[in-house]
Amino acid sequence: LYYLLSKLNNFYFRAAKNKSLPQYVNFLSMLLIAGFNSHVMFTCFYPGNITSDSVSIMQQALNGSYSNHHPYYYTKTVEFFLMRGMEWFHHDINASAALFHVFQIIFMAACISYIIVTLYQMEISFILILSCWLWYIIMPYHIMFSFTMWKDVMFGGFVSVFIVSVFRIWKKIGKNSFINDSMLIVGGIGTCLYRSNGWMACFLAFLVFLFLFGEEQEKRKMSLQFLGVILISFLLNYPLLQAINVSQPSIVEALSVPVQQMAKIVKECDDISEENIELLRKVVDIDHISEIYRPENSGPVINLIKEGNWQYFLEHKAIYIKLYIEMSLSHFTESTEAWIDLTKGYWNGGYSRWKWADWIEGGEELGIQRTVSVKTARRLLDNYLWIYDNNSFFQIFCSIGFHVWIIICLAFLSIIRKDKESFFLTIPIIANVITLLMTAPVYSEFRYLYALFCCIPFIIFGMFYERYI
């Protein structure tokens, strides 16, 4: 690894100048991606992929009863297209769901085209740009996620726009700085609003930005943009939602990792003091923990706590924070094992777990039904997806841990080069990973880091980009 990094230290994609962009490049790139994914959906997966989370979002949209457990603004986006579809297609829920998925396909195609156009304006080799474009169009997760009703999909698009816009502003790419500034703000606000950990990841990135560039006069404008994104998103996500009676997700869900660590200690250790046991009993029925504890999923324990006296914890937070620290240190092995079991896959590879949905789950009560109009195409696509699930070589392209370590190595390389701007390109993804390592409810969930797979080609190109002026 050291040898590889030392060789990459002086490697760059070089460009001579910034030439004007033919208008058709952006449109053609987006049209081809959107057309291909739409064709796949309508022929093989109509009206799109629906999971239990998707059903919950649709029910909120149709009933008008909201919770920010699934980001409110993503739910409202789904609602807008569902309602238009119900009006236009005579209350056909399948056509309405398909209408939303067409929008999401176009949105993601536009975000990818923003990357491709930026590479074109950077004057990267046409072969490399074509390779990047093909990567976005053939990777199975980009195909399947484009028509799956998950917040993680549009979140990945917004993170990509945010990172690309930062780079464009720094490198003065494009003739219209107003567009770059606007895209930065849109991408940043979307990052904050379309996943529950997005605001925290963006806030961490802002702190790193201040640390790296706080004293640089030319970066002061971007500091204000970052601050504006953080403040606007906070107001939209908290005071505004409180004013319109949209409930926030339970805080216990944000404490997934500590809860799981405590549960493992209770399950496996018999040397817990009576005083500590009594404190735990005031919040949760610890006698049932052994029955429901699942090392790789904190959901059962979180649900048990919700059924208990969670309010008592909220009223005595300091006591339970002290209890957590005390028990974690005195049972360090069990605590560490619980953390590893719940976060593995986000920082290492080798786990065979589902990555995308190709089904409809729980949608029957809403009347959603799968229609496959071209069975031969569906069979070929299923075989293609199977390869990435079962072939050792192709599994690398879907390994979360492998790609996370690519980002870490790129960050380390930028430190060696003393290149603060390149280092910052990796920070939004690293911040997202850090929040997962503290709050992940389940191990190796691909969609939680789908943003990484949206951004990594551009981060690599941005890291090794050098322009001759």
Side-chain angles (χ1 to χ4, degrees), residues 51-61 63-76 150-152 155 192-201 203 233-266 279-286 288-289 291-325 327-328 338-339 342-343 362 432 434-443 445 447-448:
T51 68
S52 56
D53 280 354
S54 312
V55 171
S56 176
I57 291 169
M58 293 177 72
Q59 287 174 334
Q60 289 187 42
N63 299 333
S65 177
Y66 308 104
S67 165
N68 206 32
H69 173 74
H70 297 296
Y72 171 77
Y73 297 98
Y74 182 74
T75 301
K76 293 298 287 185
W150 281 338
K151 55 186 177 289
D152 315 87
F155 175 76
C192 291
L193 297 182
Y194 274 67
R195 263 198 68 83
S196 55
N197 66 333
W199 189 89
M200 182 55 67
F203 181 72
S233 302
F234 180 84
L235 293 173
L236 291 174
N237 229 359
Y238 298 102
L240 178 60
L241 295 191
Q242 183 179 4
I244 60 177
N245 297 318
V246 175
S247 62
Q248 295 291 342
S250 172
I251 191 174
V252 68
E253 295 173 7
L255 299 175
S256 171
V257 171
V259 162
Q260 193 78 339
Q261 290 173 311
M262 295 287 280
K264 183 177 179 68
I265 293 170
V266 169
L279 278 173
L280 292 171
R281 287 190 187 278
K282 290 180 178 180
V283 174
V284 63
D285 184 358
I286 62 174
H288 286 86
I289 287 179
E291 303 170 14
I292 65 167
Y293 178 80
R294 293 169 58 189
E296 297 163 342
N297 186 342
S298 64
V301 175
I302 286 176
N303 290 333
L304 183 66
I305 292 174
K306 287 179 178 179
E307 294 171 2
N309 188 9
W310 181 244
Q311 188 62 34
Y312 187 84
F313 169 86
L314 296 177
E315 294 170 356
H316 302 84
K317 290 188 288 288
I319 294 175
Y320 284 95
I321 291 172
K322 179 182 177 182
L323 176 64
Y324 165 72
I325 295 173
M327 290 182 63
S328 295
W339 179 82
L342 201 57
T343 63
N432 194 23
I434 290 172
T435 60
L436 271 178
L437 297 182
M438 296 189 297
T439 63
V442 64
Y443 84 108
E445 185 83 353
R447 59 180 171 143
Y448 290 169

Can you list everything that forms a side-chain hydrogen bond (donor to acceptor under 3.5 Å, both in side chains) with Asp53? Sequence neighbours excluded, please.
Arg447

Looking at Gln242, I want to see if its CD is surrounded by more than 12 non-hydrogen atoms of other residues, nucleotides or ligands under 6.0 Å.
no

Considering only heavy atoms from C-beta outward, does the side chain of Leu241 approach that of Tyr73 to under 4.5 Å?
yes

Results of side-chain contact (heavy atoms from CB on, under 4.5 Å) for Glu315 - residues two or more places apart only:
Gln311

Do you know which two heavy atoms are closest between Thr439 and Ala254, and how far apart they sit?
CG2-O, 3.2 Å

What residues form a ring pair (Phe, Tyr, Trp, His ring centres under 6.0 Å) with Tyr324, not counting sequence neighbours?
none

Out of curiosity, Asn197 CG to Ile434 CD1, how far, rounded to the nearest 0.5 Å?
11.5 Å

Only counting residues at least two apart or in another chain, list the ones meeting ring pair (Phe, Tyr, Trp, His ring centres under 6.0 Å) with Tyr320.
Phe313

Can a donor-acceptor pair be found, under 3.5 Å and without considering hydrogens, that links the side chain of Ser298 to the backbone of Pro441?
yes

Test side-chain hydrogen bond (donor to acceptor under 3.5 Å, both in side chains) applied to Glu296 - qualifying residues, sequence neighbours left out
Lys344

By ring pair (Phe, Tyr, Trp, His ring centres under 6.0 Å), which residues pair with Tyr72, not counting sequence neighbours?
Tyr66

For Asp152 and Tyr448, which heavy atoms make the closest approach, and how far apart are they?
OD2-CD2, 3.9 Å

Got a sec: does the CG of Leu240 have more than 12 other heavy atoms crowding it under 6.0 Å?
yes

Got a sec, which pairs hit ring pair (Phe, Tyr, Trp, His ring centres under 6.0 Å) with one end in residues 233-258, sequence neighbours left out?
Trp199-Phe234, Phe234-Tyr238

Looking only at heavy atoms, the pair that brings Val266 and Ile286 closest together is CG1-CB, 4.1 Å

Any donor and acceptor pair, going by atom type alone, linking the side chain of Asn237 with main-chain N or O of Ser233 inside 3.5 Å?
no

Can you name the closest pair of heavy atoms from Ala201 and Thr435 and give their distance?
N-CG2, 4.2 Å

As an exercise, state the distance from CD1 of Ile319 to CG of Leu279, rounded to the nearest 0.5 Å.
6.5 Å

What one should report as the nearest heavy-atom pair of Gly198 and Phe155 is CA-CE1, 3.9 Å

Which residues satisfy the ring pair (Phe, Tyr, Trp, His ring centres under 6.0 Å) test with His288, sequence neighbours excluded?
none

Looking at residues at least two apart in the chain, or sitting in another chain, which of them share a side-chain hydrogen bond (donor to acceptor under 3.5 Å, both in side chains) with Ser54?
Thr51

Is it true that a side-chain atom of Gln260 and a backbone atom of Arg294 form a donor plus acceptor pair closer than 3.5 Å?
yes

Are the side chains of Tyr74 and Arg195 in contact, using a 4.5 Å heavy-atom criterion?
no

Can you check whether Ile325's main-chain N or O pairs, donor with acceptor, with Ser328's side chain at less than 3.5 Å?
no

If only atom types and distance count, is the side chain of Thr75 paired as donor or acceptor with the main-chain N or O of Ala61 below 3.5 Å?
no

Rounded distance (nearest 0.5 Å) linking atom CD1 of Ile57 with atom NE2 of His70
5.0 Å

Residues that Gln248 engages under side-chain hydrogen bond (donor to acceptor under 3.5 Å, both in side chains), provided they are two or more places apart:
Asn68

Residues forming a side-chain contact (heavy atoms from CB on, under 4.5 Å) with Leu437, sequence neighbours excluded
Trp339, Thr343, Tyr346, Trp347, Val433

What distance separates Asn309 CG from Leu314 CG, expressed to the nearest 0.5 Å?
9.5 Å

Would you say that Leu280 contacts Met262 through its side chain, given a criterion of any heavy-atom pair below 4.5 Å between the two side chains?
yes

Can you pull out every salt bridge (charged side-chain N to carboxylate O under 4.0 Å, His left out) where at least one residue sits in residues 240-257? Sequence neighbours excluded, please.
Glu253-Lys306

